[in-house]
Amino acid sequence: MPSVANLVLASLLAFQGANAAVSVDKFVKRQKAIALQGVLDNIGPDGVKVRGAGRGLVIASPSKSNPDYFFTWTRDAALTFQTLIDDFLFGNKGLQPHIEDYIYSQAVLQTVSSPSGTLLPHGLGLGEPKYGANGTRYNGNWGRPQRDGPALRAVALIKYSNHLISKGERGRVKTEIWPIIANDLSYVGQYWNASGFDLWEEVYGSSFFTTQIQYRSLVEGATLAKALGLPCKACGQASNVLCLLQSYWNGKFFTANFIAGDFRGGVDANTVLGPISSFDPKAPCDSPTLQPCHPRVLANFKVFVDTFRHTALYPINEGILSNTGIALGRYPEDTYFGGNPWYLITLGSAELLYDAVHQWTRSGEITIDATSLGFFRDIYPLASVGTLRSRHPAYQAITARVRNYADSFVAVAQKYTPENGMLAEQFLKAAPFTPISAANLTWSFASFVSMAHRRDGRLPASWVPTRGRDKPQVPAVCKAGSVVGTYAPALAAGAPNVTIPCISTVRFALNASTYYGENLYLTGDSVTLGNGNLDRAYPLLSSNYTSERPLWWADVPVEQPGGSGATVLTYKYARRQDCGQGWIVEKEARTVEVPACRVDGGEAVVAEVDDEFIGDGGTPGGC
Ligand SMILES: *[C@@H]1O[C@H](CO)[C@@H](O)[C@H](O)[C@H]1NC(C)=O
Ligand SMILES: *[C@@H]1O[C@H](CO)[C@@H](O)[C@H](O)[C@H]1NC(C)=O
Ligand SMILES: *[C@@H]1O[C@H](CO)[C@@H](O)[C@H](O)[C@H]1NC(C)=O
Ligand SMILES: *[C@@H]1O[C@H](CO)[C@@H](O)[C@H](O)[C@H]1NC(C)=O
Ligand SMILES: *[C@@H]1O[C@H](CO)[C@@H](O)[C@H](O)[C@H]1NC(C)=O
Ligand SMILES: *[C@@H]1O[C@H](CO)[C@@H](O)[C@H](O)[C@H]1NC(C)=O
């Protein structure tokens, strides 16, 4: 924990450092270079802040405690490489070796078995959000699966593939990179309509951000497949996904998640980050792909931003006018590290506005409708419903003011960026407004670089088809859907030749009363249960836990050595306490007979146990 004196000192730096004194132009120029280096410092094998990280793996942050982010996340890594690939395409040739390493690392990660499952036969392992810094399986209790990762990775790899094709390297794309992309597209096509955890890894359901990037991946995947002369069965799901995407609109804003229970209002940065990840500078504003300049996206932006103008929620925004940018966080109910503004969200909001200006500039007009009127009135009080052409003074005033509005969000990030340019995850919403949570967060740095590209007029390639049958069309009636995918290790890119594991699924059900923050695991002498190493124990789920029935459970795919007859699995239950007070492990081992495994990929439960925890309960650590 930093001392109070350090916090005060840091806050003085934040307010009186050179950053606060320079113009936004100068700040962006200087900080973009710092941010790009900040990203590279966190990528293995040579990143100076992440010694021990595997080749091509993006570590979320060098922070190893409070919080421990010394892992690689599929989402953060893909978003980071989307931006690095952009920077490469804008002329930074030195990034190419990193991009090649990324391709290799992802081919390997796809084959790592995890609590989400394995690549073969059903692709389930692709939904795993997080791996060790060297690419090893992570067994901790976590919000899984997360279904945005494969889509984001496909979009990153497609971007680079399109470049290679333009350089005449079609053959290489086909044999090396397409097999990775094809696995990810298969996953999207098969599971887009199944519940998963959102990008904040907290709620289980359907999530706007995930659906929007899934749609993009299927459309771009179809275009690439066509260029390679290959089929993409999964891509046929695109119009169903587009239909689901529209249904998040509730008349006023996009409800960020469809989740059971209504403990959240649905206002969430998820719906601002989605449109910038799907930005196509040439797409029309009324495109159902929900571009930054779409009336609903602008209306949603206003609802989102206004939520954080309440100074009871965010004292940091006190006294700022409604035409000026503020500090923004994930969602108003957030309590993680106290629920503060995030750099990447404040910067992402600026990016959304720059994107919208580019789209108006390209089309030469701005259409204001009843939905978007409120957004426009904040920055141009005389705005009225209608279409403004580029010569109209109001058009010129609005584009200039929206750009200034975007700059004012950057200025907020600038104000709270310490002198050395290091971007943490969050900064405090109340005095002293200093950085908090993970230091040197890769995603914060990457979001800065991406924002700077758009601010400087560096735009990504177009991806929305404009003609013919490929043009996005929302079906009249939304349909559920799924196509069974085909999965194979991407051998030519360096993946190991994994085969369908020999698995018997056992259902473990355990009665164990726990306090909030305490978790239960299975430990034992088998690969699946972590070979007795508690750090790799298998997590149980509390999803069906009630006070009447304190149930912890999991359907565990037990990997069987050798592969043939029935075996006896030895196990114990272990409680992991909340603040590092140590594990409580059962004293006596238990056993269960596991029937012969199946190699057909069948995941049906073949054995069940019903147990009660034997031993002491835990004590809350109060951390
Ligand atoms: C973040 O970067 C700064 C500057 O390089 C360094 O002093 C600090 O130790 C880093 N913190 C972590 C957790 O990496
Ligand atoms: C990979 O990382 C894990 C977790 O940090 C560690 O236990 C393991 O020893 C590492 N393996 C290698 C090969 O470095
Ligand atoms: C599946 O799709 C249907 C049709 O769009 C939708 O009503 C339903 O909420 C979706 N479920 C999930 C979990 O995506
Ligand atoms: C991969 O493993 C399978 C099954 O063991 C085998 O048939 C195949 O030849 C192997 N492929 C390569 C390239 O080694
Ligand atoms: C827990 O709830 C899920 C969803 O209702 C159900 O499918 C599963 O069988 C339950 N697990 C146990 C062990 O009862
Ligand atoms: C677990 O609790 C439930 C409900 O209280 C009970 O029916 C069941 O018998 C218990 N199981 C064991 C093994 O104690």
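For the 3.5 Å distance criterion, the side chains of Gln146 and Arg75 qualify, holding a donor opposite an acceptor. At a cut-off of 3.5 Å, with distance as the only test, a side-chain donor of Asn300 or Thr271 sits close to an acceptor on the other residue. Defined by atom type and a distance below 3.5 Å, a donor-acceptor pair is missing between the side-chain atoms of Tyr138 and Arg536. Remark: the Thr570 side chain and the Asp525 side chain contain no N/O donor-acceptor pair separated by less than 3.5 Å. For Trp553 and Ser543, the side-chain atoms include at least one donor-acceptor pair closer than 3.5 Å. Under the 3.5 Å distance criterion, with hydrogens and angles disregarded, no donor-acceptor pair is assigned to the side chains of Gln106 and Asp184. Donor-acceptor pairing under 3.5 Å is recorded for the side chains of Glu425 and Tyr69. With hydrogens and angles left out, the side-chain atoms of Ser113 and Arg137 include a donor and acceptor closer than 3.5 Å. Side-chain atoms of Asn42 and Ser61 include no donor-acceptor pair closer than 3.5 Å. Arg264 and Tyr331 form a side-chain donor-acceptor contact under 3.5 Å, judged by distance and modelled atom types alone. A donor and an acceptor atom, one from each side chain of Asn193 and Gln190, are nowhere located under 3.5 Å apart. A donor-acceptor contact under 3.5 angstrom links the side chains of Trp200 and Asp268, judged on distance only.
Of the possible polar contacts, one joining the Ser186 side chain to the Thr486 backbone as a donor-acceptor pair under 3.5 Å is found. The closest donor-acceptor contact from the side chain of Gln110 to the backbone of Val108 lies at 3.5 Å or more, if one exists at all. The backbone N or O of Pro67 sits nowhere less than 3.5 Å from a side-chain atom of Ser65 that would complete a donor-acceptor pair. With hydrogens and angles disregarded, no donor-acceptor distance shorter than 3.5 Å links the side chain of Thr118 to the backbone of Gly125. Here the side chain of Asp578 pairs no donor or acceptor atom with the backbone of Pro620 at under 3.5 angstrom. Asp198 places a side-chain N or O within donor-acceptor distance of the main-chain N or O of Val203, the cut-off being under 3.5 Å.
Interatomic distance, OG1 of Thr136 versus CG of Leu109, reported as 9.5 Å (0.5 Å rounding). Atoms OG and CG, on Ser447 and Leu423 in that order, are 7.0 Å from each other to the nearest 0.5 Å. For the atom pair OH of Tyr187 and CZ of Arg147, the computed distance is 4.0 Å after rounding to the nearest 0.5 Å. Rounding to the nearest 0.5 Å gives a distance of 9.5 Å between OG of Ser542 and CG of Leu520. Atoms CD1 and OG1, on Ile43 and Thr442 in that order, are 7.5 Å from each other to the nearest 0.5 Å. Note that CD of Gln212 and CG of Asn270 are 9.0 Å apart. Values are rounded to the nearest 0.5 Å.
The environment of Lys49 atom NZ is dense: over 12 non-hydrogen atoms of other residues, nucleotides or ligands sit within 6.0 angstrom. Remark: Asp616 CG is loosely packed, at most 12 non-hydrogen atoms of other residues, nucleotides or ligands lying under 6.0 Å away. With a 6.0 Å radius and a threshold of 12 heavy atoms from other residues, nucleotides or ligands, Tyr104 has its OH atom at or below the threshold.
Between Glu201 and Pro129, the closest side-chain pair of non-hydrogen atoms falls below 4.5 Å. Leu218 places a side-chain heavy atom less than 4.5 Å from the side chain of Val188. For the pair Ser206 and Asn257, the minimum side-chain heavy-atom distance is 4.5 Å or more. Using a 4.5 Å heavy-atom cutoff, the side chains of Asn340 and Phe427 are not in contact. Between Val594 and Val568, the closest side-chain pair of non-hydrogen atoms is not below 4.5 Å. The side-chain heavy atoms of Val267 and Val303, taken from C-beta on, include a pair separated by under 4.5 Å. Residues Ser526 and Leu569 have side chains in contact (heavy-atom distance under 4.5 Å, counting atoms from C-beta outward). At least one side-chain heavy atom of Gln214 sits less than 4.5 Å from a side-chain heavy atom of Val241.
Applying the ring pair (Phe, Tyr, Trp, His ring centres under 6.0 Å) test between Tyr521 and each of Phe613, Tyr538, Trp583 identifies Trp583 as the sole match. Only one option out of Asn544, Asp611, Asn519 pairs with Trp552 in a side chain to side chain contact (heavy atoms under 4.5 Å, CB included); it is Asn519. Looking at Phe253, Phe208, Phe209 one by one, the single match for side chain to side chain contact (heavy atoms under 4.5 Å, CB included) with Tyr248 turns out to be Phe208.
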*Passes side-chain hydrogen bond (donor to acceptor under 3.5 Å, both in side chains), Tyr343 versus Gln426? Steps please.*
CA-CA 6 Å; Tyr343 291 100; Gln426 313 180 21; over 6 Å; no
*Go through Asn511 and Glu612 one step at a time and tell me if the side chain to side chain contact (heavy atoms under 4.5 Å, CB included) criterion holds.*
CA-CA 5 Å; Asn511 288 336; Glu612 182 156 352; 4.3 Å; yes
*side chain to side chain contact (heavy atoms under 4.5 Å, CB included) evaluation trace for Leu540 with Leu522*: CA-CA 7 Å; Leu540 298 179; Leu522 269 169; 4.0 Å; yes
*Would Tyr571 and Phe508 satisfy ring-ring contact (aromatic ring centres under 6.0 Å, His included), going step by step from the backbone distance to the final call?*
CA-CA 11 Å; Tyr571 66 97; Phe508 290 86; 5.0 Å; yes
*Could you check Glu128 against Arg144 for salt bridge (Lys or Arg N to Asp or Glu O under 4.0 Å), going step by step and ending with a plain yes or no?*
CA-CA 6 Å; Glu128 178 67 11; Arg144 55 170 71 92; 2.9 Å; yes
*Verify salt bridge (Lys or Arg N to Asp or Glu O under 4.0 Å) between Asp334 and Arg330, making sure each step is shown before the conclusion.*
CA-CA 7 Å; Asp334 196 0; Arg330 300 191 298 177; 2.9 Å; yes
_Full working for side chain to side chain contact (heavy atoms under 4.5 Å, CB included) between Thr523 and Tyr573_ = CA-CA 6 Å; Thr523 177; Tyr573 294 102; over 6 Å; no
*Given Thr505 and Asp555, is the side-chain hydrogen bond (donor to acceptor under 3.5 Å, both in side chains) satisfied, shown in steps?*
CA-CA 6 Å; Thr505 300; Asp555 288 344; over 6 Å; no
_Derivation and outcome, side chain to side chain contact (heavy atoms under 4.5 Å, CB included), residues Phe81 and Val58_ = CA-CA 9 Å; Phe81 266 96; Val58 177; 3.4 Å; yes
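Listed here is the closest heavy atom pair of Ala234 and Leu185: CB-O, 3.1 Å. Nearest heavy-atom pair, Asp148 versus Leu199, reported as atom, atom and distance to 0.1 Å: OD2-CB, 3.8 Å. Across all non-hydrogen atoms, the minimal contact from Ala438 to Leu441 is CB-CD1, 4.1 Å. Listed here is the closest heavy atom pair of Ile180 and Ala107: CD1-CB, 3.8 Å.
With a 6.0 Å cutoff to the six-membered ring centre and a 45° limit on the axis angle, Lys429 does not count as a cation-pi contact of Tyr314.
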